Number of protein chains: 2
Amino acid sequence: MRLPVERAMEVCPVEVAVSVLGGTWKLTLVKHLLAGTRRFNELGRLVPLANTKTLTRQLRELEEDGIVRRTSYPEVPPRVEYSLTESGRSLEPIVKAMDSWGAEFAERYKG
Amino acid sequence: MRLPVERAMEVCPVEVAVSVLGGTWKLTLVKHLLAGTRRFNELGRLVPLANTKTLTRQLRELEEDGIVRRTSYPEVPPRVEYSLTESGRSLEPIVKAMDSWGAEFAERYKG
DNA sequence: CGGAATCCAATTCGATACTG
DNA sequence: CAGTATCGAATTGGATTCCG
């Protein structure tokens, strides 16, 4: 999280959202989790440019911010499942809006 | 812009939007510009934590991405006005969604 | 007024290798 | 399978000063 939430609040609620969601891959992860629970390596395959270190970090931060729930099963081989909290599901309108805006931007960008 | 648009596109349109809009202050600047044209130092006062270097950089990047229009008037003292392009105005739903989401997050964060 | 220049601190991100 | 450890490169943000 680049800007501490306290400081972002001094300026604008928009900036709070950016500081929580702005990390690379974070909203893409949320998008995939909106479709259902996923395991660690599943998410890794869905976001192929993220390496394990980065993936772990983003998921941990999302967890700390109450957006993602992490459930670990004491099995061999290990199984860890990620899902959205209620707060995470409340991001659906933002994710959908950014998905379509990003698609349009990319279209203009190519042309 | 952290991740090049071309690479973001390989993964997800959401990531394109994040790479274009994710910089600190960028969406806050867009929010203020949604209310009308603003001059450089006006924006500086509206985003008091950003110094001139950062402010200039973010505005330039938004300009390069076709979101902000910069108009310079050959006067003394100089006057430079910033406004949104059509593409910039199309961000209104995202900005509003993030504004209310950020406000709720900050509320829970305090409590 | 609207920046540009300089210098520096702090993140952040990635590649790679290894592990319980 | 689901990470952790280490290292290093790169980006980024900030403070300050100066300028036409």
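Throughout, a chain's letter reflects where its sequence line sits, starting with A, and its residues are numbered from 1. Just so we're clear, the structure is a prediction, and the values are computed from it rather than from any experiment.
The residue E81(B) sits apart from the nucleic acid: no heavy atom pair falls under 4.0 Å. S72(B) comes within contact range of no nucleotide atom at all, as no heavy-atom separation falls under 4.0 Å. Y73(A) comes within contact range of no nucleotide atom at all, as no heavy-atom separation falls under 4.0 Å.
Within 6.0 Å of CD in E86(A) there are 12 or fewer heavy atoms belonging to other residues, nucleotides or ligands.
Residue pairs that meet the salt bridge (charged side-chain N to carboxylate O under 4.0 Å, His left out) test with at least one member in residues 90-103 of chain A, sequence neighbours left out, are K31(A)-D99(A), E92(A)-K96(A). Evaluation of the salt bridge (charged side-chain N to carboxylate O under 4.0 Å, His left out) test over residues 14-24 of chain A, restricted to residues two or more places apart or in two chains, returns none.
Within residues 37-56 of chain B, the residues having any heavy atom under 4.0 Å from DNA chain C are, by residue number, R39(B), F40(B), N41(B), T52(B), K53(B), T56(B).
For L29(B) and dG2(C), the CG to P distance is 14 Å, given to the nearest whole Å. Rounded to whole Å, atom P of dG13(D) lies 10 Å from atom CH2 of W25(B). One interatomic measurement links the two molecules: CD of Q58(B) to C1' of dG14(D), which rounds to 12 Å at whole-angstrom precision. Distance, R57(B) CZ to dA15(D) C1': 16 Å, rounded to whole Å. Remark: C1' of dC13(C) and CZ of R7(B) are 11 Å apart, rounded to the nearest angstrom. As rounded to whole Å, 16 Å separates atom P of dT12(C) from atom CG of L59(A). One can place CZ of R70(A) at 8 Å from C1' of dA2(D), the figure rounded to the nearest angstrom. For L3(A) and dT12(C), the CG to C1' distance is 15 Å, given to the nearest whole Å.
Evaluation of the side-chain contact (heavy atoms from CB on, under 4.5 Å) rule for L46(A) yields H32(A), R38(A), L43(A) as partners, not counting sequence neighbours. Judged as a side chain to side chain donor-acceptor pair (under 3.5 Å), and not counting sequence neighbours, the contacts of S87(B) are R108(A). Scanning for side-chain contact (heavy atoms from CB on, under 4.5 Å) contacts around E81(A) gives T37(A), R39(A), Y73(A), R79(A), with sequence neighbours left out. Listed by chain and residue number, K110(B) satisfy the side-chain contact (heavy atoms from CB on, under 4.5 Å) test with E107(B) (two or more places apart in sequence, or in another chain). Listed by chain and number, the residues in a side-chain contact (heavy atoms from CB on, under 4.5 Å) with N41(A) are R45(A) (sequence neighbours excluded).
Side-chain N/O atoms of Y82(A) include none lying less than 4.0 angstrom from OP1 or OP2 on dC1(D).
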At a cut-off of 3.5 Å, list every protein nitrogen or oxygen paired with a nitrogen or oxygen from nucleotides 18-20 of chain D, distance to 0.1 Å.
none

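Between the side chain of S19(A) and the main chain of P4(A), no donor-acceptor pair closer than 3.5 Å is present.
Salt bridge E64(A)/R60(A): absent, no basic N to carboxylate O contact under 4.0 Å.
End-to-end axis angle of the helix from dC1(C)-dG20(D) to dG20(C)-dC1(D), from C1' rotation axes over five pairs per end: 60° (rounded to 10 degrees).
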Run the side-chain donor-acceptor check on residues 47-55 of chain A: report pairs under 3.5 Å with partners two or more places apart or on a different chain.
residue : atom : partner : partner atom : Å
N51(A)  : OD1  : K53(A)  : N            : 3.3
N51(A)  : OD1  : T54(A)  : N            : 2.8
N51(A)  : OD1  : T54(A)  : OG1          : 2.8

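With distances taken from any side-chain atom of T24(B) to the nucleotides dG3(C), dC13(C), dG13(D), the minimum falls on dG13(D).
Taking 4.5 Å as the limit, some side-chain heavy atom of I67(A) sits within range of a side-chain heavy atom of V20(A).
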